[in-house]
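A quick write-up on the structure given underneath.
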Amino acid sequence: MLRGTVAAVAVAASVLLTGATATPSPTPTPPIPDDPTDPVRALEYWLDGAGIREAWQTTRGKGVTIAVIDTGIGKVPSVFGDAVVGGTDVSGSGSPDGRSPVGVVDGDHGSWVGSLAAGRGKTDGTGMIGVAPEANLLSVSIGFGASASVPFVDQVAKGIRWAVDNGADIINMSFTTNTLDWDESWDDAFLYAYEHDVVVVVAAGNRGSGTSMIGAPATIPGVLTVGGVDQTGTASVEASTQGITIGISAPSEGLLGVSADGELASWRGTSGAAPIVAGAAALIRSAHPELDAANVINRIIKTAIPVEGVTDLPDPLYGYGLLDAAAAVKTSLPLVDKNPMGDLAEWVRLYRRADAAPAPEPEVKPAEVLPLPAADPPSEPGSPLIPSAESLRYGTLPLLVLTVPGILIALGVTAAARRIRSARKPSTPAA
């Protein structure tokens, strides 16, 4: 499933033979040297496995800028040289140029990511080299967890805007929040990047660090979410996760990275798979500067190497397949008019509540009080001792109706009692 060096060498030889008969052209800037026999570069299996060396026959990313929003890219001349052309800190705890590692635990993370995306390597062609070694880098340092005094969501939003305003063509974010939802401030920040034709590449997260499902920003429509595979092209159990928004898979195990102090480190995770894809996106943008972000992403997913047994795309583990940088750079594809990874503006329209206008205050009017009806004229004066018709109707007559029967019943009961007592008296015997 992964490519071999033999095929790459054969293609390179073919290109050289073809170039011998071509019309002479101005001598281009010599590319950054690459020694495939170097022990360090031999460990970078993804250079051949993901078709990167083959893509280098066309471009190495010159003229493209990748912003790395991470813990800061260290000052390692042998790896980054003039690669980092700008930077800033949005954590409140780093240096103004974004080059000082932020965080005690994760301080080297940004340097590892930057070296995978666009590390220069040594001038003799040895040492670690990035996927797009002629691309530029922007270092935006952020702090994870308690290492920053600024809320994380604010850091990310500010970092994206700074990257866009300072010329980023691609933004790489190798972190996750372990939650599907995201702060509304990210809506505007990510839309700002899309509106300025920036490709946003994010990591899917790792089961080994407790992420069983993808979380934001990998759930945001329009980003290219990267899952991870091992050296055989099989979805990584520990160094990746799963989710329906994964667009492409790239190596996430057995990775190399240059630390902020210049030391070579071995690491794993989709944090490394993402910059490999970001570097491939830089190769595409360099070779095809006329393509917008949507078509760059479309090339990456449509030229992916199919995964055996996977039929329904995108797959929750592999997305559309495994990264093939050479095919993404060289294949001719029809243009698309929308981002295949989704439309954030439409999502916001459907799922975010629109700002409600203040409800108009009701106009209070005095209640109209109707005039009271005229009072009845007074009745003719009469003696209080003489009953009136009303008193007879509602007082005397009902009283008689109830009283007379009661008196009669009482008299009857009294007479019956007397007869009973008379009958019980004993009679006098005769003499």
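Index from 1, following the sequence. Keep in mind that the numbers below use all heavy atoms, side chains included, and drop hydrogens, waters and symmetry copies.
- Applying the ring pair (Phe, Tyr, Trp, His ring centres under 6.0 Å) test to pairs two or more places apart or on separate chains, none has a residue in residues 213-252.
- Between W347 and W182, the two ring planes are tilted [angle within 30° to 60°].
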Identify each donor-acceptor pair in which a side-chain atom of residues 116-128 lies under 3.5 Å from a protein atom, sequence neighbours left out, and give them as a table.
unit_1: R120; atom_1: NE; unit_2: P133; atom_2: O; d: 3.2
unit_1: R120; atom_1: NH1; unit_2: A118; atom_2: O; d: 3.2
unit_1: R120; atom_1: NH1; unit_2: P133; atom_2: O; d: 2.7
unit_1: R120; atom_1: NH1; unit_2: A135; atom_2: O; d: 2.7
unit_1: R120; atom_1: NH2; unit_2: A135; atom_2: O; d: 3.0
unit_1: D124; atom_1: OD1; unit_2: T126; atom_2: N; d: 3.1
unit_1: D124; atom_1: OD1; unit_2: T126; atom_2: OG1; d: 2.6
unit_1: D124; atom_1: OD2; unit_2: T126; atom_2: OG1; d: 3.3

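- Considering only residues two or more places apart in sequence or on other chains, R41 meets the side chain to side chain donor-acceptor pair (under 3.5 Å) condition with D34.
- Looking at residues two or more places apart in sequence or on another chain, you find a ring-ring contact (aromatic ring centres under 6.0 Å, His included) between W112 and W267.
- Looking at residues two or more places apart in sequence or on another chain, you find no side-chain contact (heavy atoms from CB on, under 4.5 Å) involving P33.
- Listed by chain and residue number, D35 satisfy the side chain to side chain donor-acceptor pair (under 3.5 Å) test with T37 (two or more places apart in sequence, or in another chain).
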Taking only distance into account, with no hydrogens and no angle test, what donor-acceptor pairs under 3.5 Å do side-chain atoms of residues 310-319 form with protein atoms, sequence neighbours excluded?
unit_1: D315; atom_1: OD2; unit_2: L317; atom_2: N; d: 2.9
unit_1: D315; atom_1: OD2; unit_2: Y318; atom_2: N; d: 3.1
unit_1: Y318; atom_1: OH; unit_2: A235; atom_2: N; d: 3.0

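- A search for salt bridge (charged side-chain N to carboxylate O under 4.0 Å, His left out) contacts involving D187 returns R352, not counting sequence neighbours.
- If you check the side chains of T179 and T177, you find no donor sitting under 3.5 Å from an acceptor.
- Note on residues 259-282: no pairs pass salt bridge (Lys or Arg N to Asp or Glu O under 4.0 Å), not counting sequence neighbours.
- Judged as a salt bridge (Lys or Arg N to Asp or Glu O under 4.0 Å), the pairs with a partner in residues 338-348 (not counting sequence neighbours) are, in order, E346-R349.
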Using a 3.5 Å cut-off and no angle test, enumerate the donor-acceptor pairs between side-chain atoms of residues 276-293 and protein atoms at least two apart in sequence or in another chain.
unit_1: R285; atom_1: NH1; unit_2: D169; atom_2: O; d: 3.0
unit_1: R285; atom_1: NH1; unit_2: D197; atom_2: O; d: 2.9
unit_1: R285; atom_1: NH2; unit_2: D197; atom_2: OD2; d: 2.8
unit_1: R285; atom_1: NH2; unit_2: L291; atom_2: O; d: 3.3
unit_1: S286; atom_1: OG; unit_2: T59; atom_2: OG1; d: 2.8
unit_1: S286; atom_1: OG; unit_2: K62; atom_2: N; d: 3.4
unit_1: S286; atom_1: OG; unit_2: K62; atom_2: O; d: 2.9
unit_1: H288; atom_1: NE2; unit_2: V329; atom_2: O; d: 2.6
unit_1: D292; atom_1: OD1; unit_2: A294; atom_2: N; d: 3.4
unit_1: D292; atom_1: OD1; unit_2: N295; atom_2: N; d: 3.0
unit_1: D292; atom_1: OD1; unit_2: N295; atom_2: ND2; d: 2.8

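- Without hydrogens or angle criteria, T219 side chain to L180 main chain gives a donor-acceptor distance under 3.5 Å.
- Side-chain N or O atoms of T245 include one that pairs as donor or acceptor with a backbone N or O of A218 at under 3.5 Å.
- A donor-acceptor pair shorter than 3.5 Å cannot be found between the side chains of D181 and Y351.
- When atom types are taken as modelled, the side chain of R99 and the backbone of I73 share a donor-acceptor pair closer than 3.5 angstrom.
- In this structure, N136 contributes its side chain and T65 its backbone to no donor-acceptor pair below 3.5 Å.
- In this pair, H109 and F144 present their aromatic rings perpendicular. The plane angle is above 60°, beyond the 30 to 60° band.
- Listed by chain and residue number, N206 satisfy the side chain to side chain donor-acceptor pair (under 3.5 Å) test with T270 (two or more places apart in sequence, or in another chain).
- With I170 as the partner, the side chain to side chain contact (heavy atoms under 4.5 Å, CB included) test is satisfied by one option alone out of V199, L138, V198: V199.
- Between P101 and T71, the closest side-chain pair of non-hydrogen atoms is not below 4.5 Å.
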